[in-house]
Amino acid sequence: MRIVVCIKQVPSTNEVRLDPETHTILRDGRQSVVNPFDAHAIEEAVRWKEARGGSVLAVSMGIPAVEELLRDALARGADEAVLLTDRAFAGADTLATSRTLAAGIRRAGPFDLILCGKMAVDGDTAQIGPELAEQLGIPHLTDVDAILSVEEGRVTVSRRGENGPETAQAALPALLTLTREINVPRMPDLTGVRRSLTAPFVRWGADDLDVDPARCGLKGSPTQVVRTFVPRRERETVFLEGAPAQQAAQMLEIVREVLS
Amino acid sequence: MSGLRIDAEKCVGCGACVSACPSGALKITDGLAAADAGACVLCGICVDTCPTGAIAVEKEGAQDLDLSAWRDVWVFAQREGDGFHPVTFELLTQGRQLADQLGQRLCAVTVGEGPEECAPLLDAGCDLVYLCPPPEEGRRLEPFCAGLVAGLAEERRPGAVLFGATPLGRSLAPRVAARLGTGLTADCTQLDVDRETGLLRQTRPAFGGNLMATIVCPHHRPQMATVRPGVFPALAGGRRPGARVEAVEPPVLPPPATWELTAARAAREGAGLPGAEVIVSVGRGIGVRKNVKLVERLAQLLGAEVGCSRPLVEAGWLSYDHQIGQTGVSVSPKLLITFGISGAIQHLAGIAGAERIVAVNSDPDAPIFAQAHEAVVGDCVEILEEMIRALEGRAD
């Protein structure tokens with residue numbers, strides 16, 4: 001079984017803070033981490049490989065420095081890594097990103113499963129998984145809490161459906177987006193770190209892929225951010241004063257007022 | 001070529017962009033900011049950081065598309081039981097306003113057995129409902145609806161399509177957007193029409209929720225957005241003259257064997273947060289795990305639902321279906337009482353619909369207080385114990 005895992009580099013969100021005067025975003029963003037959801041995808045892929053044999057390919061689209069994160073994925077048990085990196089890929093929205101990832105995965109050869117984190121913590125869109133599945137023409141299942149089985153050409157999962165937990169199946173090859181409840185990611189061990197230094201690692205740019213550069217990156221992105229602003233919430237807040245018992249009494253008065 | 005442009009006339013070399021750049025692509029050279037094109041990912045953070053407005057991300061290569069051929073505002077009307085998911089009516093309310101501003105029709109796309117099932121959609125102000133018979137037994141609704149909306153959109157050319165950001169909508173909408181090769185904005189909290197351009201301005205939390213971003217889709221159609229349930233009000237639109245239902249053909253899908261099979265069995269469970277009138281919610285400021293019991297007791301006494309912020313779910317103190325916020329559910333109760341929630345913006349995004357908020361926190365500078373109607377600076381446990389004592393005392 002060959003499993004592809006998609007990884008995104010995200011800023012370590014703790015670094016995000018606002019300038020109290022200008023209300024602009026301040027971050028020393030050189031601190032980057034693997035999107036926490038994707039760490040669970042790596043772990044899940046490696047677990048299935050260990051149980052069933054096969055291999056795990058880690059893929060990311062990003063700047064050259066993302067190599068470090070892919071090496072980390074290799075140290076955690078992935079067998080090979082592909083970094084899709086090119087000026088032409090920069091500034092991509094989810095649609096352009098899904099096209100580039102799809103082209104990279106196609107070039108990397110046949111696969112049975114693609115595992116993605118449910119969403120990235122910086123964009124929070126949760127769109128890449130389904131968009132990538134559509135680009136590749138394969139089924140997808142979102143919000144997967146557990147992969148129950150992979151057999152007879154289909155994957156069976158437990159997922160969060162519209163009305164709570166449900167069991168669902170998809171024909172292989174399929175793409176799954178995983179919640180953080182699915183597993184607890186391991187730390188890389190020394191053997192893994194050593195292996196990560198020599199494991200197969202390739203970089204592909206736009207020329208290496210069957211993609212139209214006009215459909216990648218900023219140029220290939222239908223959406224445009226026209227304005228960003230710090231949300232201001234102006235409201236005259238009334239502070240309830242007094243001892244705790246008095247404050248509690250005032251709160252209960254509000255409850256009665258609202259419910260009457 | 002698309003790229004980052006720095007206006008040498010406006011740049012004062014202050015270096016604000018250099019420290020803001022997540023890619024380390026900017027530096028100050030000879031008193032002016034300069035970008036390393038190899039490292040810049042065109043994320044645009046520097047554009048908003050620059051105090052003099054000297055930086056812009058320039059984009060070339062707009063696609064030629066006859067935009068005027070794409071008209072009407074569509075809402076995907078998600079079924080729930082015999083009726084529709086509540087977010088449908090929130091979308092229709094918002095969609096009606098957009099359609100009126102544009103002078104276009106409001107249409108719903110839905111699945112159902114007969115036109116009589118569409119009455120609530122017509123009553124909510126739709127001009128037209130596209131009704132498709134449901135998929136055969138055992139087929140997943142998702143690929144079916146993706147095929148339905150994408151196929152119909154190619155044929156009828158809507159200007160905008162809105163989905164609820166429900167589990168189904170969040171899975172379906174990206175699939176449709178990718179098939180149509182158009183843009184999609186997730187989890188919008190505000191939608192309006194730009195008066196000059198007629199473009200749909202889609203505003204959503206971005207960058208961990210510390211910023212709001214307004215996004216447009218200028219050269220591709222349809223413009224697509226998902227909207228969190230509970231963000232917009234659902235108002236009675238009233239039936240429009242000439243409103244009608246049009247039957248449409250089901251989409252042609254690959255056979256199930258090559259597509260998706262299902263054994264979906266679901267049981268409704270978990271917290272009833274979305275429709276709750278009163279919610280008592282709890283955050284990390286509650287201190288230790290056993291104090292969550294106090295919150296649950298208060299909720300029980302008030303007949304309220306229990307909500308929480310993300311750290312409590314991550315700590316395993318409450319299950320995910322209690323989580324309020326950008327990655328949980330959005331709520332719109334008449335009254336929300338919070339204990340020990342500081343008010344990270346991701347959380348605030350989920351409580352924007354609350355009619356009244358009473359917040360308790362020990363930190364007088366907690367951001368939640370800016371959002372709250374009433375604030376109590378104090379110890380959560382003390383306040384909880386006092387409230388419970390008063391309520392239990394009254395019951396005796």
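By convention in this document, chain letters (A, B, ...) are assigned in the order of the sequence lines, proteins followed by strands, and residues within each chain are numbered from 1.
Here B:Thr182 is the residue among B:Val358, B:Thr185, B:Ile388, B:Thr182 with the most heavy-atom pairs under 4.5 Å with chain A. Chosen from B:Ala186, B:Ala178, B:Ala375, B:Ala146, the residue pairing most often with chain A at heavy-atom distances under 4.5 Å is B:Ala375. Most heavy-atom pairs under 4.5 Å with chain A: of the set B:Arg201, B:Glu382, B:Arg356, this distinction falls to B:Arg356. Of the listed residues (A:Lys118, A:Arg160, A:Arg159), the one with the most heavy-atom contacts under 4.5 Å to chain B is A:Arg160. Chain B forms the most heavy-atom pairs under 4.5 Å with one residue out of A:Ala92, A:Ala133, A:Gly161, A:Ala174, and that residue is A:Ala133. Heavy-atom pairs under 4.5 Å with chain B were tallied for A:Leu259, A:Ile128, A:Val226, A:Asp93; the largest tally goes to A:Val226.
Taking CD of A:Gln135 as the start and CZ of B:Arg179 as the end, the distance is 11.0 Å to the nearest 0.5 Å. Taken to the nearest 0.5 Å, the CE atom of A:Met251 stands 9.0 Å off from the CG atom of B:Leu302. With rounding to the nearest 0.5 angstrom, the CD1 atom of A:Ile254 is 12.0 Å from the CD1 atom of B:Ile357. Rounding to the nearest 0.5 angstrom, the gap separating the OG1 atom in A:Thr94 from the CG atom in B:Leu184 is 6.0 Å. Summarising the geometry, atom OH belonging to B:Tyr320 is positioned 7.0 Å from atom CG belonging to A:Asp143; distances are rounded to the nearest 0.5 Å. Rounded to the nearest 0.5 Å, atoms CG (A:Leu252) and CG (B:Leu298) are 7.5 Å apart.
Under the 3.5 Å distance criterion, the side-chain polar atoms of A:Gln224 are left unmatched by any main-chain donor or acceptor of B:Pro218. In terms of modelled atom types and a separation under 3.5 Å, the side chain of A:Thr223 and the main chain of B:Gly183 share no donor-acceptor contact.
For A:Leu240, the parts sitting under 4.5 Å from any heavy atom of chain B are the backbone and the side chain alike. When heavy atoms are compared at a cutoff of 4.5 Å, B:Val377 approaches chain A by way of both its backbone and its side chain. Proximity to chain B involves both the backbone and the side chain of A:Ala126, based on heavy atoms less than 4.5 angstrom apart. Of the atoms belonging to B:Glu385, not a single heavy atom falls under 4.5 Å from chain A. If you measure heavy-atom distances from B:Ile337 to chain A, the contacts under 4.5 Å come from the side chain alone. For B:Thr203, the part sitting under 4.5 Å from any heavy atom of chain A is the side chain, from C-beta outward, and nothing else. For chain A, the nearby part of B:Glu277 is the side chain; its heavy atoms alone come within less than 4.5 Å. Contact annotation for A:Ser98: neither backbone nor side-chain heavy atoms come within less than 4.5 Å of a heavy atom of chain B. Heavy atoms of A:Gln246 lying under 4.5 Å from chain B are absent altogether. For B:Val360, the part lying near chain A is the side chain, with the backbone staying farther off; criterion is any non-hydrogen pair under 4.5 Å.
Within the 4.5 Å cutoff, the side chain of B:Glu314 has heavy atoms near those of the A:Arg180 side chain. B:Val376 is not listed as a side-chain neighbour of A:Gln250, based on a closest heavy-atom distance of 4.5 Å or more. B:Arg204 has its side chain within reach of A:Thr125: a pair of non-hydrogen atoms, C-beta onward, lies under 4.5 Å apart. With a 4.5 Å cut-off on side-chain heavy atoms, B:Val278 and A:Val255 do not count as touching. A:His140 places a side-chain heavy atom less than 4.5 Å from the side chain of B:Glu142.
Within 6.0 Å of atom CZ in A:Arg215, 12 or fewer heavy atoms from other residues, nucleotides or ligands are found, so the atom counts as exposed in its surroundings. Enclosure of atom CD in A:Glu68 is not indicated, since only 12 or fewer non-hydrogen atoms of other residues, nucleotides or ligands lie within 6.0 angstrom. Environment of CD in A:Glu257: crowded, with over 12 heavy atoms of neighbouring residues, nucleotides or ligands closer than 6.0 Å.
The heavy-atom pair separating A:Asp124 from B:Arg170 by the smallest distance is O-NH2, 4.3 Å. Scanning both residues, B:Ser171 and A:Pro130, for their nearest heavy atoms gives O-CB, 3.6 Å. Across all non-hydrogen atoms, the minimal contact from B:Ile383 to A:Ala248 is O-CB, 4.0 Å.
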